[in-house]
*Asks:* 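I have a structure here, written as structure tokens, and I will follow up with some questions on it.
Below, each value reflects all heavy atoms present in this structure, side chains not excepted, and no hydrogens, waters or symmetry copies.
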Amino acid sequence: MSSNNPISNFQDVPWKQRFYRSMLGYGIHFSRRSDGTINRFIMNLFDLKAQPSKQPIDGVITSDTVVDATRNLYFRLFLPSLEQNTNMPLIVYFHGGGFAYMSANSIACDELCRNLCKKTGAVIISVNYRLSPEHKYPSQYDDGFDVLKFIDENANTKNLPSNVNLKQCFIAGDSAGGNLAHHVTVKACEYRLRNVKLIGLIAIQPFFGGEERTESENILVDAPVLSVKGTDWLWKTFLPEGSDRDHPACNVFGPKSVDDIRRLKFPATMVVVGGVDPLYDWQIRYYEGLKKCGKEAYLIEYPNAFHSFYGAPELKESGLLMEEVKDFIGKLIK
């Protein structure tokens, strides 16, 4: 974990990004009610949306596919606009937001997946899942897995490009989406998919925790973007009533863990951590837990990176991350 001042690192973000993040922060703050619910009307005033575009934007075209309209479950497809002569790998992506905020069509999520598509050449499916506290655990995991099954059962659908290679499928996510990526991967390993083969998991600053207060949480208690008080609130709105932060959804390898992934054919995993992220220690424990279970895991660390640094493409670390993801994919599809 870095000893650098997290505030000074945040100042390296371009002013437009800082302004946008500040606006989202205000929205999150003012939309939280004292009874633990969220005023969605207020939040939506700050969480600006991006429409799908059949016309290329920065070399990428997008479209939306509904999986279940009753729960607003859909995915946004990101496809390189230039014709590809070879099969393209697939990344099923889960956005961050603490299980309670953002959506697949939020501008920040749309831009991140667009950038990921452009830099890796992969087809991206960004999942729009239900949010807490209206929908607590395990709603988000169920939604994520249902989209994966939809892809598996509709392999020849017109909604997917003909040259996407479902045998080269990665599950990825940032923050809460990284948590989702892990748990959906566990569910997938326990289910016999017919057309989709998972070969990699990409967990970018995954949102894990526990009852214990770690060193990084104590030192970075008021870090920019994500504070410890904020993470406690998010876990309370997401986890089942009466649960604490040692629930297996939160503390994957903790005292109440129920999934023994040693018995699963778990895919190679890339874990990305930032040195000025209060979740740093929990993310390191996740990586170490995978290794102890005998799984192939790789740790990518950026000492000066704060939580969600990847949302600012102007940052050096953001560019380096895209290269690492591209290299990880390339290594596994050879």
Side-chain angles (χ1 to χ4, degrees), residues 1-2 5-7 9-11 13 17-40 42-47 94-103 106 108-109 112 129 131-137 140 173-180 203-241 243-247 249-252 272-283 285-286 305-312:
M1 183 183 64
S2 173
N5 184 344
I7 302 299
N9 292 307
F10 188 65
Q11 295 303 315
V13 177
Q17 279 283 343
R18 292 205 307 272
F19 176 77
Y20 176 72
R21 288 165 182 260
S22 296
M23 291 299 291
L24 274 180
Y26 286 129
I28 290 172
H29 175 75
F30 289 116
S31 66
R32 287 180 180 174
R33 298 189 179 105
S34 58
D35 62 358
T37 60
I38 295 173
N39 186 320
R40 293 295 176 189
I42 291 179
M43 186 60 213
N44 287 335
L45 295 176
F46 295 88
D47 182 14
F94 299 103
H95 66 81
F99 305 107
Y101 296 100
M102 313 297 284
S103 59
S106 294
C109 303
L112 176 60
Y129 53 85
L131 301 176
S132 61
E134 296 92 337
H135 305 282
K136 288 179 171 286
Y137 164 93
Q140 293 77 2
D174 66 277
S175 194
N179 176 300
L180 256 167
I204 304 173
Q205 293 185 296
F207 186 28
F208 296 119
E211 281 297 297
E212 176 192 348
R213 282 292 183 235
T214 64
E215 181 182 6
S216 61
E217 286 176 314
N218 287 326
I219 293 176
L220 301 168
V221 63
D222 291 317
V225 181
L226 188 68
S227 68
V228 174
K229 183 179 179 180
T231 61
D232 286 352
W233 190 91
L234 291 168
W235 285 123
K236 186 175 181 180
T237 64
F238 170 68
L239 294 173
E241 294 294 337
S243 299
D244 62 22
R245 293 190 304 275
D246 280 333
H247 187 282
C250 177
N251 196 347
V252 173
V272 180
V273 303
V276 286
D277 182 352
L279 301 177
Y280 174 88
D281 287 336
W282 290 113
Q283 294 158 358
R285 290 186 188 186
Y286 173 64
F306 53 84
H307 193 78
S308 77
F309 72 93
Y310 42 83

*Asks:* Test of understanding: with salt bridge (Lys or Arg N to Asp or Glu O under 4.0 Å), list the residues that count as partners of Arg245, not counting sequence neighbours.
*Replies:*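 Salt bridge (Lys or Arg N to Asp or Glu O under 4.0 Å) check on Arg245 returns Glu211, Asp232.
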*Asks:* Please report the shortest heavy-atom distance between Thr37 and Pro133, naming the atom on each side.
*Replies:*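 For Thr37 and Pro133, the tightest heavy-atom pair comes out as CA-CG, 3.9 Å.
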*Asks:* Got a sec, which residues hit ring pair (Phe, Tyr, Trp, His ring centres under 6.0 Å) with Trp233, two or more places apart in sequence or on another chain?
*Replies:*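 Per chain and number, Trp233 pairs via ring pair (Phe, Tyr, Trp, His ring centres under 6.0 Å) with no residue.
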*Asks:* Measure from the side-chain N and O atoms of Arg32 to the backbone N and O of Ile38, and report whether any donor-acceptor pair falls under 3.5 Å.
*Replies:*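 Pair absent, no side-chain N/O of Arg32 close to backbone of Ile38.
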*Asks:* Just to verify, what does Asp174 make a side chain to side chain donor-acceptor pair (under 3.5 Å) with, not counting sequence neighbours?
*Replies:*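 Once residues adjacent in sequence are excluded, the partners of Asp174 under the side chain to side chain donor-acceptor pair (under 3.5 Å) criterion are Tyr93, Tyr310.
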*Asks:* What verdict does the side chain to side chain contact (heavy atoms under 4.5 Å, CB included) test give for Asn179 and Gln140, after you've listed the backbone C-alpha separation in whole Å, the side-chain angles of each residue and the deciding distance to 0.1 Å?
*Replies:* CA-CA 10 Å; Asn179 176 300; Gln140 293 77 2; over 6 Å; no
*Asks:* Run the ring pair (Phe, Tyr, Trp, His ring centres under 6.0 Å) test against His247 and tell me which residues pass, sequence neighbours left out.
*Replies:*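 Tyr137.
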*Asks:* Quick one: list whatever passes side chain to side chain donor-acceptor pair (under 3.5 Å) with Ser132, sequence neighbours left out.
*Replies:*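 In terms of side chain to side chain donor-acceptor pair (under 3.5 Å), with neighbours along the sequence ignored, Ser132 is linked to no residue.
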*Asks:* Given 3.5 Å as the limit, does a donor-acceptor pair link the side chain of Tyr129 with the main chain of Phe99, or not?
*Replies:*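 The answer is no, because no donor-acceptor pair under 3.5 Å joins these two groups.
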*Asks:* Measuring from atom NE2 of His135 to atom CZ of Phe238, what distance do you get when rounded to the nearest 0.5 angstrom?
*Replies:*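 It is 13.0 Å, given to the nearest 0.5 Å.
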*Asks:* Any idea which heavy atoms bring Gly36 and Thr237 closest together, and the distance?
*Replies:*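 Answer, listing the atom of Gly36 first, then Thr237: O-CG2, 3.8 Å.
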*Asks:* Run through Val228, Val276, Asp281 and flag the one making a side chain to side chain contact (heavy atoms under 4.5 Å, CB included) with Ser216.
*Replies:*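 Going through Val228, Val276, Asp281 one by one, the side chain to side chain contact (heavy atoms under 4.5 Å, CB included) with Ser216 is satisfied by Asp281 alone.
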*Asks:* So how far is it from His307 NE2 to Leu220 CG, rounded to the nearest 0.5 Å?
*Replies:*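 With rounding to 0.5 Å, NE2 (His307) is 12.5 Å from CG (Leu220).
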*Asks:* Apply side chain to side chain contact (heavy atoms under 4.5 Å, CB included) to the pair Trp282 and Asn251, showing each step before the final yes or no.
*Replies:* CA-CA 8 Å; Trp282 290 113; Asn251 196 347; 3.9 Å; yes
*Asks:* Where the side chain of Asn44 meets the backbone of Arg40, is there a donor-acceptor pair that is under 3.5 Å apart?
*Replies:*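 Flag set: sc Asn44 to bb Arg40 pair under 3.5 Å.
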*Asks:* With Tyr286, which residues qualify under ring pair (Phe, Tyr, Trp, His ring centres under 6.0 Å), at least two apart?
*Replies:*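 With sequence neighbours excluded, Tyr286 shows a ring pair (Phe, Tyr, Trp, His ring centres under 6.0 Å) to His182, Phe208, given in chain and number order.
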*Asks:* Please report the shortest heavy-atom distance between Gly96 and Ser175, naming the atom on each side.
*Replies:*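 Gly96 and Ser175 have their closest heavy atoms at CA-CB, 4.2 Å.
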*Asks:* Mark yes or no for whether Ser227, through its side chain, and Gly230, through its backbone, hold a donor-acceptor pair below 3.5 Å.
*Replies:*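 Judged by distance alone, yes, a pair lies under 3.5 Å.
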*Asks:* Which value, rounded to the nearest 0.5 Å, describes the distance between Ser308 atom OG and Leu226 atom CG?
*Replies:*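 If I round to the nearest 0.5 Å, the distance is 8.0 Å.
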*Asks:* Which residues satisfy the side chain to side chain donor-acceptor pair (under 3.5 Å) test with Gln283, sequence neighbours excluded?
*Replies:*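 Testing Gln283 for side chain to side chain donor-acceptor pair (under 3.5 Å), a comparison that skips the adjacent residues, returns Asp277.
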*Asks:* What heavy-atom pair brings Cys250 and Gly210 nearest, and what distance separates the two atoms?
*Replies:*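 That would be SG-N, 3.7 Å.
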*Asks:* What residues, two or more places apart in sequence or in another chain, satisfy side chain to side chain donor-acceptor pair (under 3.5 Å) together with Asp244?
*Replies:*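 Applying side chain to side chain donor-acceptor pair (under 3.5 Å) to Asp244 gives Lys256.
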*Asks:* Give, for atom NE2 of His29 and atom CE of Met43, the distance between the pair rounded to the nearest 0.5 Å.
*Replies:*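 One gets 12.5 Å once the value is rounded to the nearest 0.5 Å.
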*Asks:* Please give me the minimum heavy-atom distance between Tyr280 and Gly274, naming the atom from each residue.
*Replies:*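 In terms of heavy atoms, the two residues are closest at CD1-O, 3.3 Å.
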*Asks:* A quick test of your reading: do over 12 heavy atoms of other residues, nucleotides or ligands sit less than 6.0 Å from NZ of Lys136?
*Replies:*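 Yes, the 6.0 Å shell around NZ holds more than 12 heavy atoms from other groups.
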*Asks:* Could I get the full list of side-chain contact (heavy atoms from CB on, under 4.5 Å) partners for Ile42, not counting sequence neighbours?
*Replies:*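 In terms of side-chain contact (heavy atoms from CB on, under 4.5 Å), with neighbours along the sequence ignored, Ile42 is linked to Phe30, Ser31, Asn39, Phe46.
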*Asks:* Indicate yes or no for a side-chain donor-acceptor contact from Gln205 to the backbone of Phe306 under 3.5 Å, with no hydrogens or angles considered.
*Replies:*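 A pair under 3.5 Å: yes.
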